[in-house]
Structures are given as C-alpha cells and as structure tokens.
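Right, one structure below, let's go through it.
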Amino acid sequence: MQKHIARRAGVTLTAVAVVAGLTSCQDGGDNKTKAAQGAEQNAEQGSGKNTPVQALTAAYEKTAAAKSAKVSMTMSVPAAVKGGGETRISGVMGWNPLVMDVTVSESKPGAAAADAEKNHMIWADDVIYMDLQAGMGQQVDGLGDKKWAKIDLKAAAAESGNGKLAQQMTAGLQDMNQDPAQQLAMLLNSRDLKDLGSAEVNGQKAEHYRGSLTVQEALKGRKTMELFTPEEREKLLANMGKVGIKGYDYDVWVNGEAYPVKMDLRMKTPQGTMNISSNYSDYGTKASVKAPPAQETADLIQMLKDLGAQMKGRTA
C-alpha cells in the first residue's frame, strides 16, 4: 500500500509542477518591469489596434490583479517517453500566495477515460496535501484515521542539514509560485510574438497570440538557476540539447476583458511533442483553500523513509 501511495505522490508532484508553472521562468518583479518596458517601446506605434506586446502587457496586469481563477488543464506526453500518457487537472488556484485545490486524473496511453486514476490535491502554505482516499473509496490500511499525506519538501530539505539542498528547495518553491499572469509576462520575452486574429474559445470571442522561446530564454531568471555555477548551467543546457529539446511554442487567447481564457504550450522532443493546454475562467473567484486538519494528516516524507527502511531490512 505504501508503494502505491508513493507512486500516486509522484503523479501528484508532476501535476503540481505543471499547474504551478514550472514551464514558466520569471519572478513577478522582473516580468512586470519587462512588460512595462515592452509597452513603452510599442506605445509609439500609434493609437490604433494594440500590438501583441501591448495587448499581452494589459492582460498581464489585469490577470495579476485578479489573483485567482478556475483552471482546467490537459497535459499529453508521448507514449515513447517514460511516464507518457494524459494528465488532466481541474479546480481552483490562487497566486501571491500560491494556493490550489485541484483534482488530478492520470491515464496511460490508449487507456479509456473511465480507467483514469484520480487524486485530490491541495496546496497551502507551501505544503502539498494528497487525499489518500480519493479513488480508493476506503480507509488506507496502516494509517488509522489519517486521510491525507502531506509533502513538505522545504522542511525535509532543512532537516537534511544540507544547506545547498535547502537553498535549492526554497528557490524551487519560488519558481513554482507562478500563475497565468507570469505565463503572459514570460511570453513577452518572445522575439517572434504575433497576432493571429480573433476566434471563438470556450464560447467567448478572443484574440489569438503566438510566440516561441528558446531553452535559454525559458530558463533565464529562474531562481534555481541562480544557484548553479556557470559550468552547471552550461551542462544543463547541453543535456537538454542532447535529448532534443530546443525550445517551446506558445499560443494564448485573450478575451475582451483582457483575461487569458486559454493557453497552449508545445515542447518538441525526438520521442514526440508534449502538449499542455490550459483553460481559465472565473477570474477573481474566491480561492478559499485550507490545509486539512493536522490530526488527519500523515507525513509522506516519513512514510517513504519507513518504506525504505523496510525494504533495506528485507534485503539485509
């Protein structure tokens, strides 16, 4: 049972990384400055239809102020890639600070939707909580009244006594504190941003924008990258090049209220293309996310330690 929980936790962590915005790269301050600079540079182009930079800058500012939205996301990974399949995420998220209450559904390539494994996940106060009973319909053996497993990576890194690991985890959490606004600001770094015209998306008229980013542009500004030496950064980029990842293609649809209603990301690899499609609605909706009661929560990190000890004992 603990192995099953550990596997589910891996799925949940992967989904959290995606929905929280690890595909984006900048912190809020730098993005806002770049967005403002972009608007100033394009303001002189006339008072007619906004340029793509002006339009996305306005959308960035509007979205950042909303601080919450409902999200529905689908991530498709090629079958040739380890862990390939489809992951669906739906629920509510808030930013500054980051909070989430979402359902994560995972299915393997070729599997029916009815066979998807579902997980309920909460993010509050930089701690991830996974519902142990979601999809099981019963109490988990050996955990008594515990209904949730918490994943406090920052605390685990601090307990390890490894100062660099603690720094990396703190920086990683800062990188994950992304949102639709930050995704828009990141797209403003694209050198080939263009307006593809209007279209109907989710029942709304929206303007369609497209751009692309190189791997270097996507990683620029990440807090975790600041902890790497120049040699480590160069090795990371080289490794990404070896596996065939050269960059990212983005599509964004912005409605008449200057909110992004849909965002698509494509990342090409030799094994196929990974697609992430996100739909957003109800901006400004109250994201009243609360951590589960402590008495109903088990520490997943400790559970994994216990599992490791058990497996070591069997092989001794």
Side-chain angles (χ1 to χ4, degrees), residues 18-73 92-100 174-199 201-202 204-214 217-223 248-265 276-285 287:
V18 174
V19 76
L22 282 182
T23 51
S24 61
C25 57
Q26 305 288 340
D27 67 271
D30 289 345
N31 276 333
K32 188 173 182 179
T33 299
K34 290 182 179 181
Q37 289 174 345
E40 291 171 0
Q41 291 170 0
N42 285 273
E44 354 179 291
Q45 295 191 23
S47 57
K49 184 178 180 180
N50 284 345
T51 65
V53 170
Q54 288 174 319
L56 292 187
T57 296
Y60 162 80
E61 294 172 345
K62 192 81 178 285
T63 306
K67 294 189 175 181
S68 63
K70 289 183 179 178
V71 59
S72 176
M73 177 184 295
V92 63
M93 71 178 295
W95 43 93
N96 297 320
L98 179 64
V99 294
M100 283 189 284
Q174 289 178 320
D175 283 338
M176 289 179 78
N177 190 9
Q178 302 289 335
D179 53 71
Q182 301 298 340
Q183 299 285 338
L184 286 170
M186 182 269 297
L187 183 55
L188 285 166
N189 290 323
S190 172
R191 300 180 183 181
D192 59 359
L193 190 60
K194 58 179 70 73
D195 184 344
L196 299 182
S198 60
V201 179
N202 299 330
Q204 303 177 61
K205 184 178 179 180
E207 201 71 13
H208 182 187
Y209 302 95
R210 176 174 292 170
S212 61
L213 291 168
T214 65
E217 290 168 338
L219 291 177
K220 186 179 179 182
R222 288 278 296 274
K223 292 295 183 182
Y248 310 88
D249 295 317
Y250 283 87
D251 284 274
V252 178
W253 289 263
V254 179
N255 68 12
E257 297 180 350
Y259 286 125
V261 292
K262 183 178 181 180
M263 296 186 183
D264 285 352
L265 163 67
I276 302 175
S277 183
S278 306
N279 292 279
Y280 298 96
S281 65
D282 297 275
Y283 281 94
T285 188

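Keep in mind that what you see is a predicted model, and the values were worked out from it rather than measured.
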Check your understanding: Got a second to check how far Thr214's OG1 is from Tyr248's OH, nearest 0.5 Å?
Key -> 9.5 Å
Exercise for review: Look at the side chain of Glu61 and the backbone N and O of Ala58, then say whether any donor-acceptor pair between them is shorter than 3.5 Å.
Suggested key: no
Practice item. Say whether, by atom type as modelled, one donor and one acceptor occur between the side chain of Lys62 and the main chain of Glu257 under 3.5 angstrom. Key: yes
Practice item. Could you grab the distance from atom OH of Tyr60 to atom CG of Leu187, nearest 0.5 Å is fine? Key: 13.5 Å
Practice item. Answer yes or no: is there a side-chain heavy-atom contact under 4.5 Å between Asn202 and Ser281? Key: no
Study note, to complete from the structure: Paired with Ser278, the side chain to side chain contact (heavy atoms under 4.5 Å, CB included) test is passed by just one of Met73, Lys262, Gln183, namely Met73
Revision key, fill the gap. On a heavy-atom basis, the closest approach of Gly211 and Ser190 is CA-OG, 3.5 Å
**Study point:** Non-hydrogen atoms of Thr63 and Pro180 that approach each other most closely
**Key:** CG2-CB, 3.8 Å
Point to revise | For the student: nearest non-hydrogen atoms of Ala64 and Ala181, plus distance | key: N-CB, 3.6 Å
Point to revise | Donor + acceptor pair across side chains of Asp192, Ser212 (<3.5 Å) | key: yes
Check your understanding: With sequence neighbours excluded, what pairs up with Ala55 under the side-chain contact (heavy atoms from CB on, under 4.5 Å) test?
Key -> Asn50, Tyr209
Practice item. Only counting residues at least two apart or in another chain, list the ones meeting ring-ring contact (aromatic ring centres under 6.0 Å, His included) with Tyr259. Key: Tyr283
**Study point:** Close side-chain approach of Arg210 and Asp249, heavy atoms under 4.5 Å
**Key:** no
Check your understanding: Counting distance only, does the side-chain N/O of Asp282 pair as donor-acceptor with the main-chain N or O of Thr285 below 3.5 Å?
Key -> no
Review point. From Ser198 OG over to Glu207 CD, what is the distance, rounded to the nearest 0.5 angstrom?
Key: 5.5 Å
Practice item. Give, for atom CG of Leu196 and atom CG of Asp251, the distance between the pair rounded to the nearest 0.5 Å. Key: 7.0 Å
Revision key, fill the gap. d(Leu188 CG, Leu213 CG) to nearest 0.5 Å is 10.0 Å
Practice item. Show your reasoning for whether side chain to side chain contact (heavy atoms under 4.5 Å, CB included) applies to Val254 and Leu56. Key: CA-CA 8 Å; Val254 179; Leu56 292 187; 3.9 Å; yes
Practice item. Would you kindly check if the NZ (Lys) or CZ (Arg) of Lys67 is within the cone defined by 45 degrees around the ring axis of Trp95 and under 6.0 Å from the six-membered ring centre? Key: no
Practice item. I would like to know whether Leu184 and Met263 meet side chain to side chain contact (heavy atoms under 4.5 Å, CB included); could you show each step before the answer? Key: CA-CA 9 Å; Leu184 286 170; Met263 296 186 183; 3.7 Å; yes
Review point. Atom NZ of Lys194 and atom NE2 of His208: how far apart are they, to the nearest 0.5 Å?
Key: 9.5 Å
Study note, to complete from the structure: In short, Tyr280 meets Pro260 closest at the heavy-atom pair CB-O, 3.6 Å
